[in-house]
Amino acid sequence: MTASTSELLLSRIRDVPDYPKPGVMFKDITPLLADPKAFTALTDALAELCARHEATKIVGLEARGFILGAPVAVRAGLGFIPVRKAGKLPGATLSQAYELEYGTAEIEVHAEDLQAGDRVMVIDDVLATGGTAEASLELIRRAGADVAGVAVLMELGFLGGRARLEPALRGAPLEALITL
């Protein structure tokens, strides 16, 4: 990705102070999504990462990972698999619980959507603490597929998600287009 692409993407991410609670600086990607040039540049950059790491399928994490991952899958000619919050998918699912700062959460994937031989790239908008991404890697492997990597628009480095995710990656790459 070129420096000009990185600058374009960063220029379209809006800071929203004190959202969702006081003291938090929320990174809003909706201006980026509304700009066709920026959204196309983002889609192209993520599709290039999928090609570079020889992905055969894309997993998008609910909910903004769906928005980013689906057009990347189309651009790259790959299948798209949504990883959803528990209870949102019909049919047979695999589920994975994970720890949050205060409590637990659970994600699911359709059991038949991933199989042995698949190389799966996980796509999301932000890597924060890494809990959801870590749980998705476990789901992918439990389904019998391999992890091609994790690709995010931005990494919030100060939250330590990379360090948490590192053991679960097992050598697979973690690619952040922007690190804050």
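Since the model is a prediction, treat every value here as computed from it, not as a measurement.
Here CZ of Arg119 is found 6.0 Å from CD of Glu54. Values are rounded to the nearest 0.5 Å. Atom CD1 of residue Ile107 and atom CZ of residue Arg84 lie 12.0 Å apart, to the nearest 0.5 angstrom. Here the CD-CD distance, from Glu166 to Glu134, works out to 11.5 Å after rounding to the nearest 0.5 Å. With values rounded to the nearest 0.5 angstrom, Glu106 atom CD is found 8.5 Å from Gln96 atom CD. Atom-to-atom distance recorded for Thr129:OG1 and Leu159:CG is 7.0 Å, nearest 0.5 angstrom. Separation of atoms OG1 (Thr5) and CG (Leu10) is listed at 12.5 Å; rounding is to 0.5 Å.
In the hydrophobic clustering of ILVMFWY residues, with side-chain heavy atoms under 4.5 Å counting as a link, Leu9 and Leu127 come out apart. Leu46 and Val122 fall into different hydrophobic clusters, where Ile, Leu, Val, Met, Phe, Trp and Tyr residues are linked whenever their side-chain heavy atoms come under 4.5 Å apart, directly or through other members. Using a 4.5 Å cut-off between side-chain heavy atoms of Ile, Leu, Val, Met, Phe, Trp and Tyr, with links allowed through other members, Leu68 and Ile81 fall into different hydrophobic clusters. Under a hydrophobic clustering in which Ile, Leu, Val, Met, Phe, Trp and Tyr are joined whenever their side-chain heavy atoms come within less than 4.5 Å, directly or via other members, Val152 and Leu165 fall into the same cluster. Note on Leu61: it does not cluster hydrophobically with Ile178, by side-chain heavy-atom contacts below 4.5 Å among ILVMFWY residues.
Side chain of Ser6 to main chain of Ala3: no donor-acceptor pair is present (N/O by atom type, distance under 3.5 Å, no hydrogens or angles). Listed for the Asp18 side chain is a donor-acceptor partner under 3.5 Å among the backbone atoms of Gly23. Although no hydrogens or angles enter the test, the distance criterion places no donor-acceptor pair under 3.5 Å between the side chain of Lys57 and the main chain of Gln115. Here the side chain of Ser11 pairs a donor or acceptor atom with the backbone of Leu8 at under 3.5 angstrom. Side-chain N or O atoms of Asp28 include one that pairs as donor or acceptor with a backbone N or O of Thr30 at under 3.5 Å. Listed for the Glu108 side chain is a donor-acceptor partner under 3.5 Å among the backbone atoms of Gly87. Between the His110 side chain and the Pro90 main chain, a donor and an acceptor come within less than 3.5 Å of each other.
For Asp125, the salt bridge (charged side-chain N to carboxylate O under 4.0 Å, His left out) partners at least two apart in sequence or on another chain are Arg64. Among residues two or more places apart in sequence or in another chain, the salt bridge (charged side-chain N to carboxylate O under 4.0 Å, His left out) test is passed with Asp146 by none.
Residues Pro82 and Val109 share a closest heavy-atom pair of O-CG2, 4.0 Å. Heavy-atom minimum distance, Phe80 versus Ala73: CB-CB, 3.8 Å. Met121 and Ala148 get closest at one heavy-atom pair: N-CB, 4.1 Å. Taking every heavy atom of both residues into account, Leu78 and Ala55 meet most closely at CD2-O, 3.5 Å. Phe66 and Pro71 make their closest contact through O-CD, 4.2 Å (heavy atoms, listed as atom of the first residue, atom of the second, distance). Summarising the geometry of Ala45 relative to Leu177, their closest heavy-atom pair is CB-CD1, 4.0 Å, with the distance given to 0.1 Å.
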### Query
Are Thr93 and Ser95 close enough, and set up right, to give a side-chain hydrogen bond (donor to acceptor under 3.5 Å, both in side chains), and what steps lead you there?
CA-CA 6 Å; Thr93 61; Ser95 64; 5.7 Å; no
### Message
For a side-chain contact (heavy atoms from CB on, under 4.5 Å) check, start with the C-alpha distance between Leu180 and Ile13, then their side-chain angles and the critical distance, and finish with the verdict.
### Response
CA-CA 12 Å; Leu180 302 172; Ile13 298 170; 5.8 Å; no
### Residues Cys50, Ile123; criterion side-chain contact (heavy atoms from CB on, under 4.5 Å); working and verdict
CA-CA 10 Å; Cys50 291; Ile123 293 183; 4.2 Å; yes
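When side chains are defined from C-beta on, Val126 does not count as touching Lys27, because their heavy atoms never get closer than 4.5 Å. Contact check for Ile29 versus Leu42: no side-chain heavy atoms found under the 4.5 Å cut-off. The side-chain heavy atoms of Asp113 and Val59, taken from C-beta on, include no pair separated by under 4.5 Å. Looking at heavy atoms from C-beta onward, Ile140 lies out of side-chain contact with Val83 at the 4.5 angstrom threshold. Counting heavy atoms from C-beta outward, Arg170 and Val147 have side chains that stay 4.5 Å or more apart. Two residues are said to be in side-chain contact when any heavy atoms from C-beta on lie closer than 4.5 Å; Leu114 and Leu139 fail this criterion. Counting heavy atoms from C-beta on, the side chains of Thr43 and Val72 come closer than 4.5 Å. A 4.5 Å side-chain heavy-atom check between Val16 and Met25 finds every atom pair outside the cut-off.
By the 6.0 Å contact criterion, CZ on Phe26 is enclosed, its count of non-hydrogen atoms from other residues, nucleotides or ligands being greater than 12.
At a threshold of 4.0 Å, the pair Arg52-Glu175 counts as salt-bridged, since one of the basic side-chain nitrogens sits closer than that to a carboxylate oxygen.
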